[in-house]
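Report on the structure given below.
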Amino acid sequence: MNLVAELKKYFGFTSFKPGQEEVICSILSGRHTLAMLPTGTGKSLCYQLPGLMVQGHVLIISPLLSLMQDQVEQFKRFGEKRVVALNSFLTIDEKKMVLRNLRKYKFIFISPEMLQVPYIIQKLQELTLSLFVIDEAHCISQWGYDFRPDYSRLGEIRKRLGNPLTLALTATATRKVLNDIIYSLDLEDVTKIEYSVDRPNIALVVEEAAAGRQREERVLELVSQLQKPGIIYFSSKKTAEQMASLIADRGLCKVSAYHAGLDQASRTLIQQQFLYNQLDVICATSAFGMGINKENIRFIIHYHMPMQMESYLQEIGRAGRDGLQSIAFLLYSSGDELLPIQLAESELPSEQQVAWLFHKLEENQMFITDKGIVEQHLRDIGGFSEIQWRIVEQFFKNERHGPNFNKLQEAILTYVKERMRVKKNHIARMKNWIESTCCRREYILQYFEETLSRKISPCCDCCGIELESFQSFAKKHDTLIESTWQEYLSEILINESQNYEK
DNA sequence: CGGTAGCAAGCTACCTTGCTACCGGTGCTGTAGT
């Protein structure tokens, strides 16, 4: 079979990007496939093309509503109309209509949460699924344990849908995460297609900067000097807002903050503005980035340290998709790990909370409803967050023969302890990387159980790096006052030719 | 947990120190008969 001809026929492209063909061949030969392809290699094509080539429906599990909408639009641009996102953006009437005519849709996008709705499952069971796709599959491991538990139930859903041929796609996963995905989906005989997580055109820099004023000043300096566009990541919405204001006040560039506290309309607007170069810099929390396909991002700055290496790589991986030289800065000072630790702790119920809850329950058995679930109002008095409560609730739901409080409490505490150990371990490894003085790229690859095939330059601060080459033309111009007109002219020509390459 | 903002007191002329309170991310969602 000539895959390139098929590619040309459906999409008009004349060649595949690295990994695509391999994944598609694996799928077409009927093997469950787990693909780790570098960011920006067009992972969607890996299910789009085989989906079009074979009979039956393709179900794509996607983590974000906005991502689904984008993908649907992308399909429609290619002229494929048999595509739908089955989510809460649909009105009740629309949803009824879609479900009634589900057969008409070749590609169905859906969230893991929606897959928990019995009626939806029932409708999906009536279809012949040719492919079950999990986009951003690392979410299973990263979110499935607490934040979005429905991610950890996809394996069960897969079975109920008749064990369809499965494709899991991700860009950043350790061996452990890959195994976690396979285990969670309960896949047997998986073909793993793994490409390197390394992005050689992104230079890595970690810099000491005391939290507060000093770090702010450094960010302002970087923003004024570095080639834009860029993203600055924060672990706090407020700090992101403040930094955005500061940059705007100094008139450094067009900037906006982006976080989950904004309404959907603003979020979409900001994303679009950034995409179309109406904004140079985004001060964002981790809410920003998934599904951002902007080619020319030149820098990523981390104002706060991420909670794990995988997140860090995902975030810096948004730079330099055009293949041109880009840079990632992480600003750090000792003690920074306390914020991620605090965030990690806040997503698990504390020992005190659990003890309090069971004390209440022993006091009064009526707090358990006839469905075997704990009364909601205990959640509020106990100060449980939505996520914390869900974890507790899950343990009660799984207890089929009436709860044994002692056993349950112990089970919950053991679980929480283990999860916290894992999270703290992630943070510790991140901190080790930051404090390491060995080549940062080599360390990252080691973490992902790869080896560095060749030395690159520029590489990282530990290998030595000339920051000047990352400065924008305007800045260079300022500092080149004393240079000759020949040098000045060559600057212009180099910059122009770089522009043409884009 | 530890940084920081806000305020008041202390000390000296506008600047320093000390106390308290507060904060810190990610997203989906039918508890229905088509």
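Bear in mind the structure is a predicted one, so any value in this text is a computation, not a measurement. First the proteins, then the strands, lettered A, B, ... as listed; each starts at 1. Heavy-atom basis, side chains included; hydrogens, waters and symmetry copies ignored.
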Per side chain to side chain contact (heavy atoms under 4.5 Å, CB included), Cys46(A) is matched among Leu131(A), Leu169(A), Asp135(A) by Leu169(A)
In this structure, how many angstroms lie between the P atom of dG2(B) and the NE2 atom of His304(A), rounded?
15 Å
Spacing between Ile61(A) atom CD1 and dC28(B) atom C1', to the nearest angstrom
14 Å
Please determine whether a side-chain nitrogen of the Lys or Arg among Lys238(A) and Glu241(A) lies less than 4.0 Å from a carboxylate oxygen of the Asp or Glu.
no
Considering only atom P, compute the distance from dG18(B) to dC11(B) and round it to an integer number of Å.
11 Å
For dT26(B), give the paired nucleotide (Watson-Crick: N1-N3 plus N6-O4 or O6-N4; G-U: N1-O2 and O6-N3; both under 3.5 Å), or none.
none
Is Phe109(A) close to Val83(A) at the side-chain level, that is, under 4.5 Å between some pair of heavy atoms?
yes
Any cation-pi pair here, Arg429(A) with Tyr447(A), using under 6.0 Å and within 45°?
no
For residues 112-132 of chain A, which residue pairs qualify under side-chain hydrogen bond (donor to acceptor under 3.5 Å, both in side chains), counting only residues two or more places apart or in two chains?
Glu113(A)-Arg148(A)
Where each residue is assigned the nucleotide of DNA chain B containing its nearest heavy atom, which of Phe147(A) and Gly335(A) is assigned the position nearer the 5′ end?
Gly335(A)
Taking Glu80(A) first and then Lys106(A), would you say they form a salt bridge - that is, a charged N and a carboxylate O separated by under 4.0 Å?
no
What's the spacing between Met68(A) CE and Asp70(A) CG if we round to 0.5 Å?
11.0 Å
For Val84(A) against Val72(A), the heavy-atom pair lying closest together
C-CG2, 4.1 Å
Round to a whole Å and report the spacing from CD1 of Ile341(A) to C1' of dG2(B).
12 Å
Between dT17(B) and dA13(B), how far apart are the two P atoms, rounded to whole Å?
14 Å
More than 12 non-hydrogen atoms from neighbouring residues, nucleotides or ligands closer than 6.0 Å to OH on Tyr183(A), yes or no?
no
Qualifying residue, where the test is side chain to side chain contact (heavy atoms under 4.5 Å, CB included) with Gln314(A) and the options are Gln142(A), Met290(A), Glu136(A):
Gln142(A)
Regarding the side chain of Leu65(A), the nearest nucleotide among dT4(B), dT29(B), dG27(B) is dT29(B)
With a cut-off of less than 4.0 Å, is there a side-chain N or O of Arg215(A) near OP1 or OP2 of dT4(B)?
no
Just the rounded figure in Å: distance from C1' of dG3(B) to OH of Tyr303(A).
10 Å
DNA chain B contacts among residues 95-116 of chain A, heavy-atom distance under 4.0 Å:
Lys95(A), Lys96(A), Arg100(A), Ser111(A), Glu113(A), Met114(A)
Without decimals, in angstroms, what is the distance between Asp135(A) CG and dC28(B) C1'?
16 Å
Listing, residues 340-348 of chain A side-chain donor-acceptor contacts under 3.5 Å, not counting sequence neighbours, or none:
from, atom 1, to, atom 2, distance (Å)
Ser346(A), OG, Leu343(A), O, 2.7
Glu347(A), OE2, Lys423(A), NZ, 2.5

Would you call Glu393(A) and Arg390(A) a salt bridge, taking side-chain N to carboxylate O under 4.0 Å as the test?
no
Show me the protein contacts with nucleotides 19-21 of chain B, counting only N or O atoms at under 3.5 Å.
none

Using a 4.0 Å cut-off on heavy atoms, which residues in residues 167-185 of chain A reach DNA chain B? List them by number, or say none.
none
G-U wobble or Watson-Crick pairing nucleotide for dG6(B) (cut-off 3.5 Å, both distances):
dC19(B)
Identify each donor-acceptor pair in which a side-chain atom of residues 261-273 of chain A lies under 3.5 Å from a protein atom, sequence neighbours left out, and give them as a table.
from, atom 1, to, atom 2, distance (Å)
Asp263(A), OD1, Ala265(A), N, 3.2
Asp263(A), OD1, Ser266(A), N, 3.0
Asp263(A), OD1, Ser266(A), OG, 3.0
Asp263(A), OD2, Ser266(A), OG, 3.0
Arg267(A), NE, Tyr258(A), OH, 3.1
Arg267(A), NH2, Tyr258(A), OH, 3.4
Thr268(A), OG1, Gln264(A), O, 2.9
Gln271(A), NE2, Tyr258(A), OH, 3.3

Do any pairs count as a side-chain hydrogen bond (donor to acceptor under 3.5 Å, both in side chains) and have a residue in residues 86-103 of chain A, sequence neighbours left out, and if so which ones?
Gln69(A)-Asn87(A), Thr91(A)-Glu94(A)
At under 4.0 Å between heavy atoms, what does Glu315(A) touch on the DNA or RNA strands: base, sugar-phosphate, or nothing?
nothing
Mind calculating the distance between CD (Glu216(A)) and C1' (dA5(B)) to the nearest angstrom?
12 Å
Which of residues 86-93 of chain A have a heavy atom under 4.0 Å from DNA chain B?
Asn87(A), Ser88(A), Ile92(A)
Taking dC14(B) as the reference, what is the distance to dA9(B) when you measure between their C1' atoms (whole Å, please)?
15 Å
Any base atoms under 4.0 Å from Gln242(A), or only sugar-phosphate, or nothing? Heavy atoms, all strands.
nothing
Counting C-beta onward and ignoring hydrogens, is there a side-chain heavy-atom pair between Ile232(A) and Val223(A) closer than 4.5 Å?
yes
Thinking salt bridges, do Arg298(A) and Asp280(A) make one under a 4.0 Å N-O criterion?
no
Roughly how many Å apart are dT16(B) and dT12(B), using the C1' atom of each and rounding to a whole number?
10 Å
Tell me the salt bridge (charged side-chain N to carboxylate O under 4.0 Å, His left out) pairs involving residues 152-169 of chain A, sequence neighbours left out?
Asp150(A)-Arg153(A), Lys159(A)-Asp186(A)
Partners meeting side-chain contact (heavy atoms from CB on, under 4.5 Å) with Asn277(A) (sequence neighbours left out)
Lys294(A), Asn296(A)
With a 3.5 angstrom cut-off on both distances, give the Watson-Crick or G-U wobble partner of dC14(B), or none if there isn't one.
none
Should the pair Glu216(A)-Arg213(A) be classified as a salt bridge under the 4.0 Å nitrogen-to-oxygen rule?
yes
Using a cut-off of 4.0 Å on non-hydrogen atoms, how would the nucleic acid contact of Arg267(A) be classed: base, sugar-phosphate, or nothing?
sugar-phosphate
Please say which of Tyr312(A), Tyr332(A), Trp433(A) ends up in a ring-ring contact (aromatic ring centres under 6.0 Å, His included) with His302(A).
Tyr312(A)
Please classify the nucleic acid contact of Pro63(A) as base, sugar-phosphate, or nothing, using heavy-atom distances under 4.0 Å.
sugar-phosphate
For DNA chain B, what residues of residues 420-436 of chain A have any heavy atom nearer than 4.0 Å?
none
To the nearest Å, how far apart are Glu386(A) CD and dT29(B) P?
13 Å
Give me, pair by pair, the N or O atoms of the protein and of nucleotides 23-25 of chain B that are less than 3.5 Å apart, along with how far apart they are.
from, atom 1, to, atom 2, distance (Å)
dG24(B), O3', Ser235(A), O, 3.3
dG25(B), OP1, Lys237(A), N, 3.3
dG25(B), O3', Thr285(A), OG1, 3.3
dG25(B), O6, Leu343(A), O, 2.6
dG25(B), O6, Glu347(A), OE1, 3.2
dG25(B), N1, Glu347(A), OE1, 3.4

